[in-house]
Engineer: 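Let me give you the structure first, and then I'll get to my questions.
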Amino acid sequence: ETIDIFKSIYDLGPLHMPPNVTGIIAARAVLPNVPHMAIMDTAFHQTMPAHTYMYALPYEWFEKYGIRRYGFHGTSHLYVSRRTAVLLEKEAKNTNAIILHIGNGASACAIREGKCYDTSMGLTPLEGLIMGTRSGDMDPAIINFIAEKEGKTTPEIDNILNKKSGLVGITGKYSDRRDVLTGANEGDERCKLAVDMEA
């Protein structure tokens with residue numbers, strides 16, 4: 001039942017959900033008598049107030065389809081926010097901070113009184129900051145524009161936004177920031193542009 005639920009929400013995490021489910025199925029096959037547990041990366045963000053998780057879209061879309069900002073990288077933001085409190089010699093409940101998760105995926109999280117108040121990722125991990133292969137924020141009208149100009153379907157465009165955009169889209173070759181920085185230091189103009197855009 002749980003696997004079926006995960007499969008039903010593949011569209012919310014197209015880069016993560018299918019391989020994660022494959023891993024769960026494989027682990028259960030090899031270790032059938034060992035309890036298995038899933039930690040939901042969105043759980044930390046469930047403390048956001050409605051005015052930060054809602055979109056300015058028809059309210060019915062929220063009611064019918066659950067369209068809202070869910071946020072991701074929650075386990076990372078939880079750890080970093082708690083560690084920040086320790087380093088500041090404060091209790092978590094007395095800590096306010098801006099936490100960044102910077103990897104191939106990237107997100108920001110506003111922490112208020114030790115809890116998530118707002119985050120940059122949305123309904124899916126595509127929203128927010130520029131990432132290794134994801135576009136981050138952009139004008140949503142670009143999707144229809146490219147569909148008309150290049151005859152692409154929305155799933156094709158979604159694939160491009162998730163896997164061929166971000167740093168790799170800007171540089172044309174690198175999704176790893178180390179490579180982007182090396183390229184920028186060696187004079188690659190598109191790498192320099194990627195660094196400036198991300199900054």
Engineer: CG/Asn144 to CG/Asp139 distance, rounded to the nearest 0.5 angstrom?
Structural biologist: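 Going from the CG atom of Asn144 to the CG atom of Asp139 covers 11.0 Å.
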Engineer: Run through Val180, Leu167, Thr182, Ile170 and flag the one making a side-chain contact (heavy atoms from CB on, under 4.5 Å) with Cys191.
Structural biologist: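 That would be Val180; it is the only one of Val180, Leu167, Thr182, Ile170 passing the side-chain contact (heavy atoms from CB on, under 4.5 Å) with Cys191.
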Engineer: Side chains of Val34 and Arg28: closer than 4.5 Å at any heavy-atom pair?
Structural biologist: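 Val34 does not reach Arg28 side chain to side chain.
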Engineer: So for atom OH, which belongs to Tyr10, do other residues, nucleotides or ligands contribute more than 12 heavy atoms lying within a distance under 6.0 Å?
Structural biologist: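 Count over threshold, so yes.
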Engineer: Does the pair Ile130 and Met197 meet the rule for a side chain to side chain contact (heavy atoms under 4.5 Å, CB included), with working shown?
Structural biologist: CA-CA 8 Å; Ile130 293 172; Met197 287 175 68; 3.8 Å; yes
Engineer: Looking at CG of Asn20 and CZ of Phe6, how far apart are the two atoms once the value is rounded to the nearest 0.5 Å?
Structural biologist: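 Those atoms lie 8.5 Å apart.
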Engineer: Rounded to the nearest 0.5 Å, what separates atom OG1 in Thr124 from atom NE2 in His16?
Structural biologist: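 Answer rounded to 0.5 Å: 10.5 Å.
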Engineer: Got a salt bridge between Asp188 and Arg190, using NZ or NE/NH1/NH2 to carboxylate O under 4.0 Å?
Structural biologist: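 Arg190 and Asp188: not salt-bridged.
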Engineer: Locate the shortest heavy-atom distance separating Asp41 from Thr75; write the atom from each residue and the value.
Structural biologist: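 Shortest heavy-atom contact: OD1-N, 3.1 Å.
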Engineer: Do Tyr117 and Ile111 sit in one hydrophobic cluster, given that two such residues count as connected whenever their side-chain heavy atoms are within less than 4.5 Å of each other, even indirectly?
Structural biologist: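 No, it is not one cluster - the side chains of Tyr117 and Ile111 are not joined through contacts under 4.5 Å.
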Engineer: To check you understand the geometry: which heavy-atom pair defines the closest contact between Ile160 and Ser165, and what is its length?
Structural biologist: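 Between these two residues, the closest heavy atoms are O-OG, 2.8 Å.
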Engineer: Check whether any side-chain heavy atom of Thr95 sits under 4.5 Å from a side-chain heavy atom of Arg112, and report yes or no.
Structural biologist: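 No; the side chains remain at least 4.5 Å from each other.
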Engineer: Without swapping roles, check the side chain of Asn185 against the backbone of Leu181 for a donor-acceptor pair under 3.5 Å.
Structural biologist: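 Yes: the side chain of Asn185 pairs with the backbone of Leu181.
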Engineer: Measure the acute angle between the ring planes of His101 and His73, then classify it against the limits of 30° and 60° as parallel, tilted or perpendicular.
Structural biologist: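 Parallel, since the angle between the ring planes stays under 30°.
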Engineer: Return the minimal non-hydrogen interatomic distance between Ala92 and Arg82, and the atom names on each side.
Structural biologist: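 Heavy atoms only, the tightest pair is CB-CD, 3.7 Å.
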Engineer: Would a hydrophobic clustering, with Ile, Leu, Val, Met, Phe, Trp and Tyr connected at side-chain separations under 4.5 Å, put Leu129 with Val168?
Structural biologist: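 In one cluster with Leu129: Val168, no.
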Engineer: Just so I know, are the side chains of Asn162 and Asp158 near enough to count as touching, which here means a heavy-atom distance under 4.5 Å?
Structural biologist: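 Of all side-chain heavy-atom pairs linking Asp158 with Asn162, at least one is under 4.5 Å.
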Engineer: Measuring from Met131:CE to Ser107:OG, what's the distance to the nearest 0.5 Å?
Structural biologist: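 Met131 CE to Ser107 OG: 7.5 Å, rounded to 0.5 Å.
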Engineer: Can you list the steps and then say if Met54 with Phe62 is a side chain to side chain contact (heavy atoms under 4.5 Å, CB included)?
Structural biologist: CA-CA 8 Å; Met54 290 295 295; Phe62 169 71; 3.7 Å; yes
Engineer: Considering residues at least two apart in sequence or located in another chain, which fulfil the ring pair (Phe, Tyr, Trp, His ring centres under 6.0 Å) criterion with Tyr55?
Structural biologist: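 Result, ring pair (Phe, Tyr, Trp, His ring centres under 6.0 Å) vs Tyr55: none returned.
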Engineer: Run the numbers on Glu60 and Tyr65 for side chain to side chain contact (heavy atoms under 4.5 Å, CB included), then give the verdict.
Structural biologist: CA-CA 8 Å; Glu60 297 78 37; Tyr65 309 114; over 6 Å; no
Engineer: Out of curiosity, Ile143 CD1 to Lys152 NZ, how far, rounded to the nearest 0.5 Å?
Structural biologist: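 Answer for the CD1-NZ pair, Ile143 versus Lys152, is 14.0 Å.
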Engineer: State plainly whether the residues Glu198 and Arg177 are in salt-bridge range, i.e. N to O under 4.0 Å.
Structural biologist: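 Looking at Arg177 together with Glu198, the answer is yes, because their closest N to O distance falls below 4.0 Å.
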Engineer: Would you find a donor on one side and an acceptor on the other, under 3.5 Å apart, between the side chain of Asp137 and the backbone of Gly128?
Structural biologist: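 Confirmed, Asp137 side chain pairs with Gly128 backbone.
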Engineer: If you take all heavy atoms of His77 and Phe72, which pair is closest and at what distance?
Structural biologist: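 It is CD2-O, 3.6 Å.
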Engineer: Taking all non-hydrogen atoms of both residues into account, name the closest pair between Arg69 and Thr52 and its distance.
Structural biologist: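 In terms of heavy atoms, the two residues are closest at NH1-O, 2.5 Å.
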Engineer: State, yes or no, whether a side-chain contact exists between His45 and Asp118 at a heavy-atom distance under 4.5 Å.
Structural biologist: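 No, side chains not in contact.
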Engineer: In Å, rounded to the nearest 0.5 Å, how long is the span from CD1 of Ile3 to NE2 of His36?
Structural biologist: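 Rounded to the nearest 0.5 Å, the CD1-NE2 separation comes to 9.5 Å.
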Engineer: Between Glu156 and Asn159, is a side chain to side chain contact (heavy atoms under 4.5 Å, CB included) present by the stated rule, with each step listed?
Structural biologist: CA-CA 5 Å; Glu156 288 173 322; Asn159 184 60; 5.7 Å; no
Engineer: Under 3.5 Å, is there a donor-acceptor pair between the side chain of Thr47 and the main chain of Cys116?
Structural biologist: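 Pair found, side chain donor or acceptor close to backbone of Cys116.
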Engineer: Any heavy-atom pair between the side chains of Val80 and Leu100 that's under 4.5 Å?
Structural biologist: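 No, too far: nothing below the 4.5 Å cut-off.
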Engineer: So if you build clusters from Ile, Leu, Val, Met, Phe, Trp, Tyr with side-chain heavy-atom gaps below 4.5 Å, do Ile67 and Ile9 land together?
Structural biologist: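 Result: yes, single cluster for both.
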Engineer: Contact between Asp4 and Ser8 at the side-chain level, heavy atoms closer than 4.5 Å - yes or no?
Structural biologist: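 The answer is no; the side chains never approach within 4.5 Å.
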Engineer: Any non-hydrogen side-chain atom of Glu113 less than 4.5 Å from a side-chain atom of Glu91?
Structural biologist: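 Glu113 vs Glu91: side chains apart.
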Engineer: For Phe145, check ring pair (Phe, Tyr, Trp, His ring centres under 6.0 Å) against everything at least two apart and list the hits.
Structural biologist: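 Partners of Phe145 under the ring pair (Phe, Tyr, Trp, His ring centres under 6.0 Å) test: none.
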Engineer: For the residue pair Leu161 and Leu126, what are the closest heavy atoms and their distance?
Structural biologist: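 Minimum heavy-atom separation between Leu161 and Leu126: O-CD1, 3.2 Å.
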Engineer: Quick one: is the NZ or CZ of Arg68 closer than 6.0 Å to the six-membered ring centre of Tyr53, and within 45° of its axis?
Structural biologist: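 The answer is yes, since Arg68 meets both limits relative to Tyr53.
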Engineer: Report whether Leu57 and Leu123 are members of the same hydrophobic cluster (ILVMFWY, side-chain heavy atoms less than 4.5 Å apart, transitive linking).
Structural biologist: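 Yes, Leu57 connects to Leu123 through the hydrophobic network.
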Engineer: State, yes or no, whether a side-chain contact exists between Asn104 and Arg134 at a heavy-atom distance under 4.5 Å.
Structural biologist: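 No, their side chains stay 4.5 Å or more apart.
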Engineer: Could you state whether Tyr79 and Phe44 fall into the same hydrophobic cluster, counting links through intermediate Ile, Leu, Val, Met, Phe, Trp or Tyr residues with side-chain heavy atoms under 4.5 angstrom apart?
Structural biologist: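 Yes, same cluster.
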Engineer: Closer than 3.5 angstrom, by distance alone: can the side chain of Gln46 be matched with the main-chain N or O of Thr42 as a donor-acceptor pair?
Structural biologist: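 A pair under 3.5 Å: yes.
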